[in-house]
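Residue numbering restarts at 1 for every chain, and letters A, B, ... go by the order of the sequence lines.
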There are 2 protein chains.
Amino acid sequence: MPSKELLHQVENIVGKQSVMTKIEDRLTYAYDASFHRHIPDLVVFPTNEDQVVRLLTLANEEELPIVPRGAGTGLTAGSVPVKGGIVLSLTRMNRIKVINPENLTAIVQPGVVTGFFQREVEKQKLYYPPDPQSFNTSTLGGNIAENAGGPRCFKYGVTRDYVLGLRVISPSGKTWNFGGQTMKNVTGYNMSSLIVGSEGTLGIITQATLRLIPQPEARKTIMAVFNLIEQAAETVSGIIANRIVPAALEFLDDVSLRCIEQTLSIGLPLDAAAILLIEVDGFRETIEREIQLIKEVCIKCGAKGITIAQNDEESQKLWAARRAFAPALLKLNPTRISEDATVPRDKLIDFIKGVKEIAIKYNLKLALAGHAGDGNMHPNFLVNTRDRDEMERVEKAVGELFALTISLGGTLSGEHGIGTTKAPYLSQELNKDTIGVMQAIKHAMDPKGILNPGKIFFGDSVALPFSQE
Amino acid sequence: MPSKELLHQVENIVGKQSVMTKIEDRLTYAYDASFHRHIPDLVVFPTNEDQVVRLLTLANEEELPIVPRGAGTGLTAGSVPVKGGIVLSLTRMNRIKVINPENLTAIVQPGVVTGFFQREVEKQKLYYPPDPQSFNTSTLGGNIAENAGGPRCFKYGVTRDYVLGLRVISPSGKTWNFGGQTMKNVTGYNMSSLIVGSEGTLGIITQATLRLIPQPEARKTIMAVFNLIEQAAETVSGIIANRIVPAALEFLDDVSLRCIEQTLSIGLPLDAAAILLIEVDGFRETIEREIQLIKEVCIKCGAKGITIAQNDEESQKLWAARRAFAPALLKLNPTRISEDATVPRDKLIDFIKGVKEIAIKYNLKLALAGHAGDGNMHPNFLVNTRDRDEMERVEKAVGELFALTISLGGTLSGEHGIGTTKAPYLSQELNKDTIGVMQAIKHAMDPKGILNPGKIFFGDSVALPFSQE
């Protein structure tokens with residue numbers, strides 16, 4: 001706990017009303033959507049950049065950990081203060097400062113909710129594609145810190161592809177201006193892209209300039225139902241081989257379908273091994289042709305049923321099913337260990353088969369869904385954290401899952417980040433020298449190590465992946 | 001000059017036939033397409049990664065400068081060995097290792113020529129968009145080191161947007177593996193994007209995994225002729241306001257047109273103030289609609305003539321004019337000072353007017369062309385380096401040009417990099433702390449400062465922008 005003197009200094013910076021000290025308040029900032037927890041010593045809500053500068057200057061002098069936090073929807077404990085200190089909630093810095101339709105850019109504060117921002121730009125027929133499942137809750141700052149993805153990223157790329165410039169406060173309270181407002185910028189090192197996905201370990205984002213694109217004029221969704229998982233995987237390859245780029249190409253397996261149907265009752269096919277949800281968007285004239293081509297590929301690969309949404313309402317219903325995936329799993333199971341291993345697209349079927357074998361080997365219930373077009377799958381092991389034996393088995397299963405992923409040329413994390421939950425596995429993917437240079441950069445930018453300590457790089461003081469406080 | 005012993009060690013690593021020691025040979029590696037020059041002590045041509053590792057290990061021990069070089073087409077002296085040492089030519093590491101149409105990726109060595117690579121992937125109906133004007137000569141490694149742009153970047157993004165993974169040899173000979181083969185990857189810091197555009201100052205790229213996209217099935221080019229520059233600029237805004245995204249949106253002013261016509265004699269409109277060259281690509285059905293929309297915008301903004309290329313041949317002729325820009329200028333003038341200042345799109349007209357005023361103020365001949373859709377213009381001051389008075393005036397003009405750019409919220413460099421030619425201006429755009437953290441990263445990754453010394457960051461030992469050796 002901070003000394004009275006320190007608390008007083010913090011209160012002087014942000015005002016008493018912007019500091020949480022009571023245990024019942026701090027408890028709600030002890031976790032994210034993973035299951036690691038640690039109670040912060042203080043929760044502070046700056047309302048402007050100057051307060052962030054002063055807080056960091058103070059924290060750096062006192063060597064006090066600072067853990068930035070958006071909406072806390074992360075899945076790898078990125079915003080969990082595993083070493084205590086101050087949780088810095090950026091949710092009160094939530095203004096959209098500019099939407100500039102002539103330059104196709106927007107300037108935002110970090111606390112703006114992603115979904116709100118998307119709706120605002122769409123009012124001007126513009127589009128901000130990155131759409132993590134949490135988009136209606138998560139913040140742009142959090143999305144940037146984690147380089148969030150989502151279904152649309154197959155066609156449109158990830159958060160990084162939309163960040164032109166960042167204002168970042170350094171761990172010692174300096175102001176860094178990275179990138180800018182232009183589409184092209186090669187003045188000095190590309191620091192914005194380094195900050196994107198750095199999980200709050202290198203600096204505090206106080207402002208972002210984001211790239212916007214014209215909103216697609218039309219969209220259409222198709223659902224294809226398969227008796228065999230292989231058929232679904234072949235369809236994904238077939239679509240890519242036909243040089244079609246859908247806006248989304250999502251996969252749901254039988255366990256996922258049953259969980260979602262039990263929750264939503266919308267008539268999902270319960271006798272299927274898997275479905276693909278495919279959305280095309282773009283020009284009116286071309287989406288019909290693309291849908292027809294996709295339909296042909298699905299039939300050729302053995303789809304036993306195809307549903308083309310005839311209007312927005314029908315399309316929304318299909319997407320509601322996909323979005324219900326995580327909540328439905330949690331409604332029917334005590335908890336889920338959700339991974340986001342990503343493999344090259346041509347290795348998708350090997351990955352799916354391998355994961356299923358691992359689940360059988362360790363007698364674990366597995367629900368599999370994900371962004372098949374990106375090779376970015378979300379295997380969810382459905383477990384009960386009170387069942388010690390099951391937790392031991394899932395720990396082994398996750399280890400094998402990562403080994404499988406890496407053997408297929410894939411990566412530990414496609415969109416969730418490393419945080420604490422995947423930190424122990426980092427050295428399976430990256431060699432010592434590669435991790436070493438990342439740590440050298442961390443040290444160069446945050447010499448005292450006050451920013452989000454205990455993340456990404458596995459040290460002995462970091463919690464083990466399946467332990468809880 | 002290196003000692004006999006050192007030369008012997010280098011020859012031991014790469015073989016005698018891969019080292020140039022004679023002055024007449026070394027002279028040809030003293031320059032790029034800027035007008036800074038410095039003769040290297042040695043030119044070395046490694047043929048595999050192991051040789052690069054051993055060369056860097058040696059250079060690091062001996063604290064010998066290493067300057068990586070592709071085809072030497074850079075415009076800011078990025079590959080000029082301003083502090084001597086070894087020029088490391090990567091041109092003999094020029095294999096396309098894999099083109100994977102199922103994963104939409106390719107794995108290449110750094111010395112592959114960009115245009116050759118583009119033609120190879122197009123054979124498989126795939127597409128690699130980044131297209132710097134030098135694409136038929138420049139190498140992928142050089143493009144990555146400079147984060148090269150080009151006309152198509154308006155729609156498709158820059159080189160960075162196509163780099164998924166890099167193998168990089170560290171300044172002390174370690175092997176760094178950054179990123180990978182997957183579309184999404186958030187495992188550790190995004191080091192690939194930091195290497196892209198780092199101008200050979202952080203590591204030697206020995207292999208790149210590049211993202212490919214499906215080749216657009218059709219394209220069409222339109223040329224619009226304007227009596228007033230303002231009309232051309234308004235047309236650019238109008239196209240963006242109509243939410244059209246052409247593949248290219250290029251601008252050429254009257255001086256440029258006259259130079260090109262004198263060289264090519266293809267009937268360019270010599271009485272115009274400016275032309276726009278606009279290309280749309282994508283689906284057959286939609287490009288017609290887009291061309292019509294663009295035509296309407298052009299007419300509304302006052303275009304006095306519009307030519308729509310009726311076939312590939314006509315289209316090629318128009319693009320040949322654009323590509324002839326730089327050679328035509330040099331044919332008719334002793335030299336050109338070419339800049340690539342980039343402003344937000346909605347500031348294009350202010351920028352063009354401002355640059356013209358600067359040229360008048362300093363009595364300089366100016367040719368103006370560029371990627372108008374990106375706000376990325378190339379003002380070319382046409383000068384004679386033997387005219388001391390003119391060179392003094394152009395130095396002042398360039399200083400004012402950068403001040404104008406920054407006052408409009410723009411950047412010193414959109415695609416050419418900083419090198420030595422723009423290093424003296426860096427602090428006009430970036431504050432002390434922002435430059436400081438970039439230097440801290442340089443120091444963390446290259447503690448002895450052996451890699452491409454004297455670039456980006458202005459020190460007193462760096463040549464002044466307009467001096468020559």
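Across every non-hydrogen atom of B:G188 and A:M438, the tightest pair is CA-SD, 3.8 Å.
Contact count versus chain B (heavy atoms, under 4.5 Å) is highest, among A:I441, A:V196, A:T182, for A:T182. Comparing A:L412, A:I240, A:I418, A:N185 by how many heavy-atom pairs each has under 4.5 Å with chain B, the most go to A:N185. With respect to chain A, the highest number of heavy-atom pairs below 4.5 Å among B:G436, B:G282, B:S198 belongs to B:S198. By number of non-hydrogen pairs under 4.5 angstrom with chain A, the leading residue of B:G409, B:G180, B:G197 is B:G409. Ranked by heavy-atom pairs under 4.5 Å with chain B, the first of A:A440, A:S413, A:G417 is A:S413. Among A:R211, A:H443, A:E217, A:K432, the residue with the largest count of heavy-atom pairs under 4.5 Å with chain B is A:E217. Among B:Q215, B:K442, B:E199, the residue making the largest number of heavy-atom pairs under 4.5 Å with chain A is B:K442. Of all the listed residues (A:T105, A:D161, A:L126, A:V245), the one sharing the greatest number of non-hydrogen pairs under 4.5 Å with chain B is A:L126. Chain B forms more heavy-atom pairs under 4.5 Å with one residue of A:N177, A:I244, A:L426, A:T201 than with any other, namely A:N177. Interface remark: of the candidates B:Q124, B:R160, B:K125, B:M445, B:R160 forms the most heavy-atom pairs closer than 4.5 Å to chain A. Chosen from B:T434, B:L430, B:N103, B:I456, the residue pairing most often with chain A at heavy-atom distances under 4.5 Å is B:N103.
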*Should B:N100 and A:D346 be marked as a side-chain hydrogen bond (donor to acceptor under 3.5 Å, both in side chains) after you check the CA-CA gap, both sets of side-chain angles, and the distance that decides it?*
CA-CA 9 Å; B:N100 180 342; A:D346 52 328; 3.1 Å; yes

*Give the C-alpha distance, both sets of side-chain angles, the deciding distance and a yes or no for side chain to side chain contact (heavy atoms under 4.5 Å, CB included) between B:M191 and A:L194.*
CA-CA 7 Å; B:M191 300 294 295; A:L194 181 66; 4.2 Å; yes

_Using the rule given for side chain to side chain contact (heavy atoms under 4.5 Å, CB included), can you reason through B:K347 versus A:Q181, listing the C-alpha separation, both sets of side-chain angles and the distance that settles it, and then say yes or no?_
CA-CA 11 Å; B:K347 297 290 191 288; A:Q181 304 173 56; over 6 Å; no

*Show the numbers, then the answer: is there a side chain to side chain contact (heavy atoms under 4.5 Å, CB included) between A:M183 and B:T342?*
CA-CA 8 Å; A:M183 298 304 116; B:T342 304; over 6 Å; no

*Using the side chain to side chain contact (heavy atoms under 4.5 Å, CB included) rule, take B:E146 and A:V186 through it: C-alpha gap first, then chi angles, then the decisive distance, then the call.*
CA-CA 8 Å; B:E146 298 289 328; A:V186 290; over 6 Å; no

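Heavy-atom distances place the side chain of A:E429, and not its backbone, under 4.5 Å from chain B. Both the backbone and the side chain of B:D433 come within contact range of chain A, judged by heavy atoms closer than 4.5 Å.
Exactly one of A:D374, A:N147, A:D340 qualifies for a side-chain hydrogen bond (donor to acceptor under 3.5 Å, both in side chains) with B:K184. That residue is A:D374.
A donor-acceptor contact closer than 3.5 angstrom links the side chains of A:T187 and B:T411.
In this structure, OG in A:S192 is found 11.0 Å from CG in B:N190, a value given to the nearest 0.5 Å.
The closest side-chain heavy-atom distance from B:R284 to A:R289 is below 4.5 Å. Side-chain contact between B:P344 and A:E102: absent, with no pair of heavy atoms (C-beta onward) separated by less than 4.5 Å. The closest side-chain heavy-atom distance from A:V437 to B:Y189 is not below 4.5 Å.
For B:K155, the NZ atom sits in a packed shell: over 12 heavy atoms of surrounding residues, nucleotides or ligands are nearer than 6.0 Å.
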